[in-house]
Structure formats: C-alpha cells, structure tokens
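Below is one structure, written out as structure tokens, with a few remarks after it.
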2 protein chains.
Amino acid sequence: MLQLTKRTEYGLIALVHIAERGAVDAGAFVSARDICDRYPIPRRLVAEVLKALQKNDLVESQRGPTGGYVLARSPESITLGQIVTALEGAPPLTSCESPILLKSGGCEVHSVCPIRSPVHRVREQLWGLLEHTSLRSLLPPATQAHYAPRAAHAR
Amino acid sequence: MLQLTKRTEYGLIALVHIAERGAVDAGAFVSARDICDRYPIPRRLVAEVLKALQKNDLVESQRGPTGGYVLARSPESITLGQIVTALEGAPPLTSCESPILLKSGGCEVHSVCPIRSPVHRVREQLWGLLEHTSLRSLLPPATQAHYAPRAAHAR
DNA sequence: TGAATTAGCACCAAAACAGTGCGGTATCGA
DNA sequence: TCGATACCGCACTGTTTTGGTGCTAATTCA
Ligand code: SF4
Ligand code: SF4
C-alpha cells in the first residue's frame, strides 16, 4: 500500500514535538513520557520508534532522570526521506528495488519485466520529493520563527 | 509501507502489454492468457486485477473466444494515479486521510495531531506526481515500431 | 541507594496481502 | 444448436507485515 506506517507517523509526531521543545529550550532532553503525555500514543511504541531514530543518528539519547532525546541535527538538515528510511527502510515502490525484500527469492518477472525501468524513474521522483521535505517544513510556523531568531522571516 | 502492491505491479504490466498490442492492432482484444503467456504471472490473478481496472473504466472487456481487454481510453489519458487508485484505493499516505481506513475507529491522535496538515501537503504532491505520469510514459519508446507477431500462441 | 529513563530482545494478535477454487455467464465459430 | 473460450463473482486459505506489548538490563541523577 502507498501509505506510511503508524510507526513512521509516531516518529514524525515525536520529532515534531522534540523540535518544538528544542526551539524554546535548546539542549533539554525530551523523554518518551513527555511525548505520550501530550499525544495518545503507547509509550512503549514511541520508545521503539525513537530507538530506531537514534540508531540512524537522527536523535541523540540520554538515560536516567532528566534523560530523553534531542535532535541530533538541525530541523533543516533532517529530511522526511531520512525519517522514512530510518523507520521502514528506503522506499522501494516496487518489490525488486528493495534489498531487504529480495529474501523472498526475488521477483519471477524480473528478467522480462516491462515496467521496472519506467517505474524506477517514478521512484526516483518520489525519493526526491521526500528528500526535499525537511523536518522544519513540518513544524507549525510559530515554532519555525522561534528556531531562527536572527532570520525569523526566512522560509 | 511506501510500496506498491503486487497487484498494482501486475496491473501495470498488463496495461503496458495491452497498450503495446493496441498500438499495433487497434481494436483487438487481449486476453488474460496472452498476458500470462509473456510474463510469469498467475492467470487467475491477472484476471482479478483486470476486473478491478474494468470497474474503474480503465479497460473494456469482451467475453467469449476472441474476447479479452482493450484500453478504454488512450494511453495518454490514463494516469498512474488512476491505476493505483483503482487497484488499492486513493493513496492516503496517512491513515486518517483514507476514507476506507476509518472503519478501524479512526485515529486517536486525530484531534491533536501536529503532523496531519503538513503531511497532507506532501500527500498532495505525491498525488500530483502520480497524476502527471501517464501510461504512455511507461511504455518503451519503440512501442509503435515493432511487435512480435504470434510467434508463440499455445502455451 | 533508589527512582527514572533508555536499550535490547523476544513475543503476540490482528490486519493486509498474494494467490486459489469453483461455478456461472456471455460470445464466437463450426 | 452445440461446444469451446474467456470473462465474472464470490468466497476461501496461507503467508507476511504491522501494531503493540513484557520483561530485564544498563545508565544517570538526586
Ligand atoms: S521485476 Fe517488475 S514485477 Fe517484479 S518487483 Fe520489479 S517491477 Fe515489480
Ligand atoms: S491524525 Fe495524525 S497520527 Fe492519526 S492518522 Fe492522521 S496523520 Fe497519522
């Protein structure tokens, strides 16, 4: 299906929340509890998702009380494509373009497939679309202003 | 997952094949058997897919011997978006944007979701991408030039 | 110490997906 | 008319993916 997984949506919500907090209190760690206090998301799941994001160097984590997560980079440099890739692997669009999906023996049609090449082009376009959407552009305008005091009118 | 279903891929292959035949022998019906003679696709499945395409007025069908399918419109006017929509519903990208996915009680986060609106914009872009990709642009350039006649008929 | 928080691992139930069976109906050709 | 061909409709099954959970260990701060 052409749809983001719930995990990815939760990841986006978490990242947006962390970014919002980071805008007003730079350096503060946001815990999983903070996130699911604000949004009705299972806490266990948000931790699962954040863990994956941490492994892909999108967030940094800190244990213990006062621990939690912060963005590893600025919201401008984190793209939707990176988030999706971290949470569900690179968007393959077709089965054969996915390295992880080849475990099922690959596609029988592969050698004579007439749509592989053209669909590949579409996939590249989709990738470009995701790569050109930054986390910052997902933030509400008010937050974006706080993020760059010196260039509040940018974007 | 951000991936087309196998059904959609089969539908695309079938449509490409039908379009190729139509370019050479306009008005001729292409049977499901013809398609799965060229490509190792279960015949039963390709029929299932073509049926869905027929219900969405993308192909026309004809029963009996010499029966089969033809494109209901020109390859230029059939878009990838229409095909995907016919085969797996409108690309929702998120759960809440899908009318058919609301049966599961909807999304708990919906009322306070911070990403609904921005992700909706991305979804619109994705839609635009699919809508601007016509079936014709999926065809090989040499479609009108050659078509191997009935070199292989019986399976 | 002890409470809070992330990390790691395995595990489960429900849904979606891929694929199939069988009988019916329309159509063409002989 | 008859029979073969090919689509039509519904329901059904096995497999994969997804969404979600349990529990324990490691880390950090008060
Ligand atoms: S080879 Fe063709 S049918 Fe097979 S997965 Fe790739 S695009 Fe799809
Ligand atoms: S409301 Fe938000 S979390 Fe829920 S489905 Fe829509 S985008 Fe996803």
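The basis for the numbers below is simple: all heavy atoms, side chains too, and nothing from hydrogens, waters or symmetry mates. By convention in this document, chain letters (A, B, ...) are assigned in the order of the sequence lines, proteins followed by strands, and residues within each chain are numbered from 1. Predicted model only: the values in this text are computed from it and were never measured.
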(message) Can you tell me how far apart CG (A:Asn56) and OG1 (A:Thr85) are? Round to the nearest 0.5 Å.
(response) 8.0 Å
(message) Rounded to whole Å, please give me the gap between CD in B:Glu108 and P in D:dG19.
(response) 15 Å
(message) If I compare all heavy atoms of A:Leu87 with all of A:Thr8, which pair ends up nearest, and what's the gap?
(response) CD2-CA, 3.6 Å
(request) Quickly work out the A:Leu2 CG to C:dC17 P distance and round it to whole Å. (result) 11 Å
(message) Applying ring-ring contact (aromatic ring centres under 6.0 Å, His included) as the test, list every pair that has at least one member in residues 35-67 of chain A; sequence neighbours left out.
(response) A:His17-A:Tyr39
(message) Salt bridge or not between B:Arg121 and B:Glu124? Use side-chain N to carboxylate O under 4.0 Å.
(response) no
Expected list for residues 21-34 of chain A: side-chain donor-acceptor pairs under 3.5 angstrom, two or more places apart:
from	atom 1	to	atom 2	distance (Å)
A:Ser31	OG	A:Arg33	N	3.4
A:Ser31	OG	A:Asp34	N	3.2
A:Ser31	OG	A:Asp34	OD2	3.3
A:Asp34	OD2	A:Ser31	N	3.2

(message) Is the phosphate of D:dG19 approached by A:Tyr10 (side-chain N or O, under 4.0 Å from OP1 or OP2)?
(response) no
(request) May I have the distance from B:Leu87 (atom CG) to C:dA16 (atom C1'), rounded to whole angstrom? (result) 15 Å
(message) Nearest whole Å is fine: how far is D:dT21 C1' from A:Ile41 CD1?
(response) 16 Å
(message) Could you tell me how far apart A:Phe29 (CZ) and D:dT27 (P) are, to the nearest whole angstrom?
(response) 16 Å
(message) Strictly under 4.0 angstrom, non-hydrogen atoms only: write out the protein contact profile of nucleotides 2-9 of chain C, one letter per nucleotide from the 5' end, B, S or -.
(response) -BBBBSBB
(request) Please state how far atom CE in A:Met1 lies from atom C1' in D:dG19, giving the value in whole angstrom units. (result) 13 Å
(request) Please report, rounded to the nearest Å, how far the C1' atom of D:dG14 is from the CG atom of B:Leu45. (result) 14 Å
(request) Kindly say whether A:Leu2 contributes a backbone atom to a donor-acceptor pair with the side chain of B:Glu88 at under 3.5 angstrom? (result) yes
(message) Could you tell me how far apart A:Lys6 (NZ) and C:dA14 (P) are, to the nearest whole angstrom?
(response) 18 Å
